[in-house]
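Dumping the structure here so I can ask a few things about it.
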2 protein chains.
Amino acid sequence: MNPSLNPCDVIADFPLFSGLSSEECLSITSAGRLFEVAPGEFFFHQGEDSTMLYVILTGRTKLSQITSEGNQVIVNYFGPGEGLGIIMALNRMPYPLSAEAIEPCTAIGWSRDAMLDLMKGNSQLALNGMNMVGQRFTQMQNRFQELATQRVEQRLARALLRLVRQFGRRTEKGILIDISLSREDLAQMTGTNLYNVSRILSKWDSDGLITTGRKQVTLLKAHELVVLAEDIPPPSHTPE
Amino acid sequence: MNPSLNPCDVIADFPLFSGLSSEECLSITSAGRLFEVAPGEFFFHQGEDSTMLYVILTGRTKLSQITSEGNQVIVNYFGPGEGLGIIMALNRMPYPLSAEAIEPCTAIGWSRDAMLDLMKGNSQLALNGMNMVGQRFTQMQNRFQELATQRVEQRLARALLRLVRQFGRRTEKGILIDISLSREDLAQMTGTNLYNVSRILSKWDSDGLITTGRKQVTLLKAHELVVLAEDIPPPSHTPE
DNA sequence: CGGTCACTTGAAGTAGGTCAAATTACGTGG
DNA sequence: CCACGTAATTTGACCTACTTCAAGTGACCG
């Protein structure tokens, strides 16, 4: 009955809790613990044994992976309602990626065993977990396909559109992607390098599609980006 | 009690049934139906509404996806014990890919609702399902990373090694990948085109790493492929 | 005001994509 | 069993997208 530790009003429409009564929400959340993570700190690091899983209440988190060759790949950014470590914690494997707070974050965390017990006793919860994993699987698969078949320009356009959906904020100039977002970050999201990203953004900037700043991007003509994202390569030479 | 419709002895160590009693296995399998799918036929097509999910008993299946631009991507090959449509059927979304039998297949199939009911009544089953989805997620993520950071040659080496693990069969010459496997197939698995694959395979062939035939590959020196797969690019010019 | 960090831009090199054509294997029907 | 047609594969040549290196510019921080 402690509202500060049981923000059920907030989490009621989180996917993990959908279809659950408020009593169930209460007992599930009270089996966990509230965490606060400062920007730059990590919920967990890639390779660590996965003992905890979290659902974000507030703040944004960056999920990234480092390859054996030392290349970093940004897999995703997560915000409120999304789960961290759900997949792996329930599979008893080391975390395959690192989760870093890029803003002050609060989250509810459970130990793996606690969550497994909860799920065993509440199959709706287990199904919700499975749905979340499934969602992420689909996203991942789409990005895989993207990477396999599209050119950098299209992938970059899609990445921006995804980010806008997650972090877009209307301003008087256009739609700002409201997170710190360097060229390097975008490169790591799209499987290329910062030079390439810089060139493409510069081009779009001078074409009036976007405005760029230091670690930020604002979309001016989102529709044109959609056209780019859907490919349709420009007619190279006019065939009669 | 009909052994032909309830091959519990076979499925006992399938991941979906792990930790379940034979009574539970029995009641779960009997809620499903046995399917036989001939080579070239499909369990389901991409985009169809996902009403059924399957667990393969025998035979191999190819999972592929077609992009909006018409490019095909081979996501995976699945064999006995693996699930088809688990992710999507439980998420109430259209199948994101097509599942085609490449050998005579038998599988148990359930309607989505039947499986959801079973899982609601048996949370171990739900957890098993989640584990399977999690496994596939991890695989997908690794391949994503691969595609984002590695060159075609490495990706091809890895693809072959993966295929060997799934379909490798010792022969007197080496380890044969025992499925029909064209250059085009390999290209669609690694995000490149058949010309590129053909060139690389030819090179490896003349280096004695593999032997190739029409729609087949045999590994001779698997270890050398592992070296290639782990990258370590050849020293371009000897630095003192 | 100096230093660092993010970003830009140029130039050169390369992996890989594309197109075209030749070659080889396979299967079928005669 | 052979000849033919088709499909798989190889190979060459060219070209473009992308990477890499290098040098410079601009922005924020102390």
Side-chain angles (χ1 to χ4, degrees), chain A residues 40 67 69-74 102 146-157 159-160 177 179-207 210-218 228 231 233-237 239, chain B residues 39-40 67 69-74 102 146-157 159 177 179-207 210-218 228 231 233-237 239:
Chain A
T67 72
E69 289 95 32
N71 300 62
Q72 199 179 69
V73 174
I74 296 181
I102 57 171
E146 227 175 273
L147 210 47
T149 62
Q150 304 194 305
R151 279 173 298 121
V152 173
E153 203 168 327
Q154 295 166 46
R155 302 203 303 264
L156 187 55
L160 289 181
I177 294 174
I179 52 169
S180 164
L181 190 67
S182 70
R183 309 291 183 266
E184 176 71 37
D185 290 333
L186 283 168
Q188 291 177 353
M189 272 182 258
T190 49
T192 181
N193 55 46
L194 76 163
Y195 309 106
N196 218 341
V197 171
S198 175
R199 278 179 233 276
I200 295 172
L201 291 189
S202 296
K203 192 180 64 184
W204 288 346
D205 196 334
S206 61
D207 289 353
I210 61 175
T211 9
T212 64
R214 194 186 172 84
K215 292 197 172 195
Q216 64 148 20
V217 178
T218 305
L228 283 171
D231 111 325
S236 48
H237 57 89
Chain B
T67 72
E69 289 94 33
N71 301 64
Q72 199 180 70
V73 173
I74 296 181
I102 58 172
E146 227 175 271
L147 210 47
T149 63
Q150 305 194 303
R151 279 174 297 123
V152 171
E153 202 168 329
Q154 295 166 44
R155 302 204 301 264
L156 188 56
I177 295 174
I179 52 169
S180 164
L181 189 68
S182 70
R183 307 293 182 265
E184 177 71 37
D185 290 333
L186 282 167
Q188 290 177 352
M189 273 181 257
T190 48
T192 182
N193 56 47
L194 76 162
Y195 308 108
N196 219 339
V197 170
S198 175
R199 279 179 232 277
I200 294 172
L201 291 188
S202 296
K203 193 180 61 181
W204 288 346
D205 195 334
S206 60
D207 290 353
I210 61 175
T211 8
T212 65
R214 195 185 173 85
K215 292 196 172 195
Q216 63 149 20
V217 178
T218 305
L228 282 172
D231 113 327
S236 47
H237 57 87

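If you're wondering where the values come from, they're calculated on a predicted model, not measured in any experiment. Residue numbering restarts at 1 for every chain, and letters A, B, ... go by the order of the sequence lines.
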When rounded to the nearest 0.5 angstrom, what distance separates CZ in B/R151 from OG1 in B/T149?
10.5 Å
Between NZ of A/K203 and P of C/dC7 the distance, given in whole Å, is 19 Å
Any donor-acceptor N/O pair, A/T190 side chain to A/L186 backbone, under 3.5 Å
yes
Check the distance between C/dA15's P and B/L147's CG and give it to me in whole angstrom.
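Atom-to-atom, B/L147 to C/dA15, this comes out as 18 Å.
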Gap separating the CG atom of B/L147 from the CE atom of B/M189, nearest 0.5 angstrom:
13.5 Å
Answer yes or no: is there a side-chain heavy-atom contact under 4.5 Å between A/L201 and A/L160?
yes
Nearest whole angstrom, please: distance from the P of D/dA17 to the CG of A/N193.
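After rounding, the reported distance stands at 15 Å.
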Between B/R151 (CZ) and D/dC18 (P), how many Å, whole number?
17 Å
Rounded to whole Å, please give me the gap between CD in B/Q150 and C1' in D/dC18.
17 Å
Could you list the protein-to-nucleotides 9-12 of chain D atom pairs, N/O on both sides, closer than 3.5 Å?
from, atom 1, to, atom 2, distance (Å)
D/dT9, OP1, B/R183, NH1, 3.4
D/dT9, OP1, B/K215, N, 2.7
D/dT9, OP2, B/R183, N, 3.0
D/dT10, OP1, B/R183, NH2, 3.3
D/dT10, OP2, B/R183, NE, 2.8
D/dT10, OP2, B/S198, OG, 2.5
D/dT10, O5', B/S198, OG, 3.3
D/dT11, OP2, B/S202, OG, 3.3
D/dG12, N7, B/R199, NH1, 3.1
D/dG12, O6, B/R199, NH2, 3.0

Can you see whether A/S202 engages A/D205 through a side-chain donor-acceptor pair at a distance of less than 3.5 angstrom?
no
Apply side chain to side chain contact (heavy atoms under 4.5 Å, CB included) to residues B/Q188 and B/E184 and explain how you reach the verdict.
CA-CA 6 Å; B/Q188 290 177 352; B/E184 177 71 37; 2.9 Å; yes
How bent is the helix from C/dC1-D/dG30 to C/dG30-D/dC1, measuring the angle between the end axes built from five pairs each, rounded to 10°?
40°
Going through the distances and angles, do B/D185 and B/K215 end up as a side chain to side chain contact (heavy atoms under 4.5 Å, CB included)?
CA-CA 9 Å; B/D185 290 333; B/K215 292 196 172 195; 5.9 Å; no
Option from B/V152, B/L156, B/I200 for which side-chain contact (heavy atoms from CB on, under 4.5 Å) with B/T192 holds:
B/V152
Rounded distance (Å) that lies between atom C1' of C/dA6 and atom CG of A/D185
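The distance from CG of A/D185 to C1' of C/dA6 comes to 11 Å, rounded to the nearest Å.
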Rounded interatomic separation in angstrom, taking CG from A/L186 and C1' from C/dC7
13 Å
